[in-house]
Amino acid sequence: MAETDRERRVIDEVTKGLIIGGSVRDATEQKTFGVEDPSTGELLCDVADASPEDGMVALKAAHDAQPEWAATAPRERGEILRRAFELITERADDIALIMTLEMGKPLAESKAEITYAAEFFRWFSEEAVRISGEWKVNATGNGRVLVMRQPIGPCLLITPWNFPLAMGTRKIGPAIAAGCTMVIKPASLTPLTILKLADILAEAGLPDGVLNVVTTTSTGKVMGPLIADGRIRKLSFTGSTEVGQKLIEQSAQQVLKTSMELGGNAPFVVCADADVDEAVQGAMLAKMRNIGEACTAANRFYIHADVAEEFTKKLVDRMSDMKVGRGTEEGVEVGPLVEADQRDKVAELVDDAVQKGATVRTGGQIPSGAGYFYPPTVLSDVPTSARLAKEEIFGPVAPIFTFTEDDDAIRAANDTEFGLVSYLYTKDLSRAIRLSERLEAGMVGLNQGMVSNAGAPFGGVKQSGLGREGGTVGIDEYLEIKYVAMNV
Ligand code: NAP
């Protein structure tokens, strides 16, 4: 339940229906589902719960709007994104409150996500007018080669709950810039932020039908027919590897172009020559951003034995000082996890490590009271057989392992089916380059605990995904290449 007048106002102002073809509609039989505040477990509001038929109506709206949208001037598409960037920035306080209420993270973190999310619109507003092609004389000197890049067509975008806005703008921004229409399905735990964003985009001038929002709890049943329908040409998904694998299989039917931003299991390697204070600072960011509920969260800390105790003590001091509470309260740095299942999974991983011999240096116990809280936790002496050495923790838990040889650290860091991001701390430039090259990851944080940046290509290797979001390549995911062989 919203607790203050302001909380009630921001929740009341969010559109609660399906947004299809520029109109707000009820779901079939007016079905709805509840959105909870994870800090209290209480209901915030209800939103439309789409049926498979509703999903198909949204797809038709996106398909119908595609030709006209593809023909819209790139400058106009860019200016809509730019206006939306400005509106998001102006309204950051209200959007942050909505995000905190439905997802749990502290307000300061919601605001930081909003800045990051809005940057994708600013970045792609600039990219919209830079979609280039190629023209060249054939090698034989006779013909000409013309290469053009065209919008791929209607897209299906599926987003997770952990970054409710940024995971949306990272897809919507390039799709709009490229001239694609879309159906977006936000996570059912956090639908309100994307519904708010859809209203902002309409206000910024996005034509009806370009962005259609489908909220549902019958997720597989509603998404399946859209993926199987030949009118969708692109599927962009951010979420777990398990669901991503299923979606890749389903996408094979129509040979869809897919972007998959999947799970992570990031290693955080600190060499003996690292600046330990900077490494601890980076570890706090890599571990505690988003309460550890981030695909980029440091999952395994490999610390050189010479500095392991110093690093651990300093990390324990910082982690045990963090204020835990409802994300709307002043000074709170750690909100609740998103739901009871998520909190219980984190507790299970910690208990498993402790049973196998890990030492709890701080945290490690579910607190009493309402909400899905878990305290910042540091574990040392963690055996490699512990489940959290292999599984994504998605919570505020830092397991520490030690090493003495760089080769052992790299082998351990790469010993996972995931490959999203790795963090590396060293002051030696040639070691930094050598080890960065050997880390099997789509991204490396070198002496820094955060890699997210709208202007850089974000994505993973191995089972962490396919494709890149952001940077100069982000728009390519929404463009198809056509080559015209010219006889001149
Ligand atoms: P999830 O369970 O895979 O859900 C992600 C989205 O997929 C939600 O919208 C969900 O809808 C939907 N979904 C679930 N089953 C589906 C199905 N059968 N067909 C179509 N859509 C389906 O993941 P999550 O728990 O929300 O997010 C956490 C995961 O996301 C973590 O593994 C994290 O690493 C990953 N992630 C990756 C990145 C990246 O960039 N690599 C970024 C953020 C998060 P419902 O909500 O209705 O179930």
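Each residue takes its place number in the sequence, starting with 1. Numbering of ligands and ligand atoms starts at 1, following listing order. Values below: every heavy atom of this structure, side chains too, minus hydrogens, waters and symmetry copies. Just so it is clear, the model here is predicted, and its values are computed rather than measured.
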Task: atom 45 (P) of ligand 1: nearest protein contact (heavy atom, Å) - done: S188 OG, 3.4 Å

Task: Polar atom proximity, G239 to ligand 1 (N or O, under 3.5 Å) - done: yes

Task: Contacting atoms of ligand 1, where contact means under 4.0 angstrom from a heavy atom of L247 - done: 19 (N), 20 (C)

- [ ] Identify, for atom 18 (N) of ligand 1, the protein heavy atom at the shortest distance, and state residue, atom and that distance.
- [x] G220 CA, 3.8 Å

Open item on the list: Considering only residues two or more places apart or on different chains, which pairs with a residue in residues 446-460 satisfy side-chain hydrogen bond (donor to acceptor under 3.5 Å, both in side chains)?
Closed with: R289-S452

Open item on the list: Return the OG1 to CD distance between T472 and E127, rounded to the nearest 0.5 Å.
Closed with: 6.5 Å

Open item on the list: With heavy-atom distances below 4.0 Å as the criterion, list the atoms of ligand 1 near N162.
Closed with: 43 (C), 44 (C)

Open item on the list: What protein heavy atom lies closest to atom 41 (N) of ligand 1? Include the residue and the distance to one decimal.
Closed with: L262 O, 2.7 Å

TODO: Indicate, with yes or no, if the rings of Y423 and F268 have centres closer together than 6.0 Å.
DONE: yes

Task: Contact partition for T159 relative to ligand 1, non-hydrogen atoms under 4.0 Å - done: backbone

Task: Proximity winner for atom 33 (C) of ligand 1, if only heavy atoms of F418, F394, F163 are counted - done: F394

Open item on the list: Taking the ring of W161 and the ring of F394, is the distance between their centroids below 6.0 Å?
Closed with: yes

- [ ] Verify the distance criterion only: is there a donor paired with an acceptor across the side chains of K16 and T32 at less than 3.5 Å?
- [x] no

Open item on the list: If we count only N and O atoms by modelled type, under 3.5 Å, do the side chains of Q66 and T181 hold a donor and an acceptor together?
Closed with: yes

TODO: Please report which non-hydrogen protein atom sits nearest to atom 38 (C) of ligand 1, along with the residue it belongs to and the distance in Å to one decimal place.
DONE: C295 SG, 3.0 Å

Task: Contacting atoms of ligand 1, where contact means under 4.0 angstrom from a heavy atom of G263 - done: 32 (O), 34 (O)

TODO: Mind checking whether E261 contacts ligand 1 via backbone (N, CA, C, O), side chain (CB onward), both or neither, at a 4.0 Å heavy-atom cut-off?
DONE: both

- [ ] Could you list the atoms of ligand 1 found under 4.0 angstrom from a heavy atom of M223?
- [x] 20 (C)

Open item on the list: Please determine whether the number of non-hydrogen atoms from other residues, nucleotides or ligands lying under 6.0 Å from atom NZ of K462 exceeds 12.
Closed with: yes

- [ ] Provide the number and element of each atom of ligand 1 under 4.0 Å from a heavy atom of M167.
- [x] 42 (C), 43 (C)

Task: Protein contact to atom 23 (O) of ligand 1 [nearest heavy atom, distance to 0.1 Å] - done: S240 N, 3.4 Å

Task: Check: K246 N/O within less than 3.5 Å of ligand 1 N/O - done: no

Open item on the list: I need the atoms of ligand 1 closer than 4.0 Å to a non-hydrogen atom of G264, numbered in the order shown.
Closed with: 34 (O)

- [ ] Tell me which protein heavy atom sits closest to atom 27 (O) of ligand 1, plus the residue, atom name and distance to 0.1 Å.
- [x] P160 CB, 3.5 Å

Open item on the list: Once rounded to the nearest 0.5 Å, what's the spacing between atom NZ of K31 and atom OG1 of T216?
Closed with: 7.5 Å

Task: Between T217 and D49, a side-chain donor and acceptor under 3.5 Å - done: yes

Task: L420 near ligand 1 by a heavy-atom separation under 4.0 Å - done: yes

- [ ] May I ask you to identify the nearest protein heavy atom to atom 12 (C) of ligand 1, giving residue, atom name and distance to one decimal place in Å?
- [x] I158 CG2, 3.7 Å

Task: Protein non-hydrogen atom below 4.0 angstrom of atom 4 (O) of ligand 1 present - done: no

TODO: Mark yes when over 12 heavy atoms from residues, nucleotides or ligands other than Q245 sit less than 6.0 Å from its CD; otherwise mark no.
DONE: yes

Task: Step-by-step salt bridge (charged side-chain N to carboxylate O under 4.0 Å, His left out) determination, E348 to K345 - done: CA-CA 5 Å; E348 225 180 270; K345 190 196 135 200; over 6 Å; no

Open item on the list: Once you restrict to heavy atoms under 4.0 Å, what part of V243 touches ligand 1? Side chain, backbone, both or neither.
Closed with: side chain

TODO: Would you check whether W161 reaches within less than 4.0 Å of ligand 1, judged by its heavy atoms?
DONE: yes

Open item on the list: Looking at ligand 1, would G460 count as a contact under a 4.0 Å heavy-atom criterion?
Closed with: no

- [ ] Quickly, which of T100, N290, T193 forms a side-chain hydrogen bond (donor to acceptor under 3.5 Å, both in side chains) with S110? Name it, please.
- [x] T100

- [ ] Just let me know how E392 lines up against ligand 1, side chain, backbone, both or neither, with a heavy-atom cut-off below 4.0 Å.
- [x] side chain

TODO: If you have a sec, work out which protein heavy atom is nearest atom 10 (C) of ligand 1 and how many Å separate them, to one decimal?
DONE: K185 NZ, 4.0 Å

TODO: Could you see which bit of F237 sits under 4.0 Å from ligand 1, with heavy atoms only: side chain, backbone, both or neither?
DONE: side chain

TODO: Please verify whether a non-hydrogen atom of R170 lies at under 4.0 Å from ligand 1.
DONE: yes

Task: Cation-pi check, R82 onto F121 ring (under 6.0 Å, within 45° of axis) - done: no

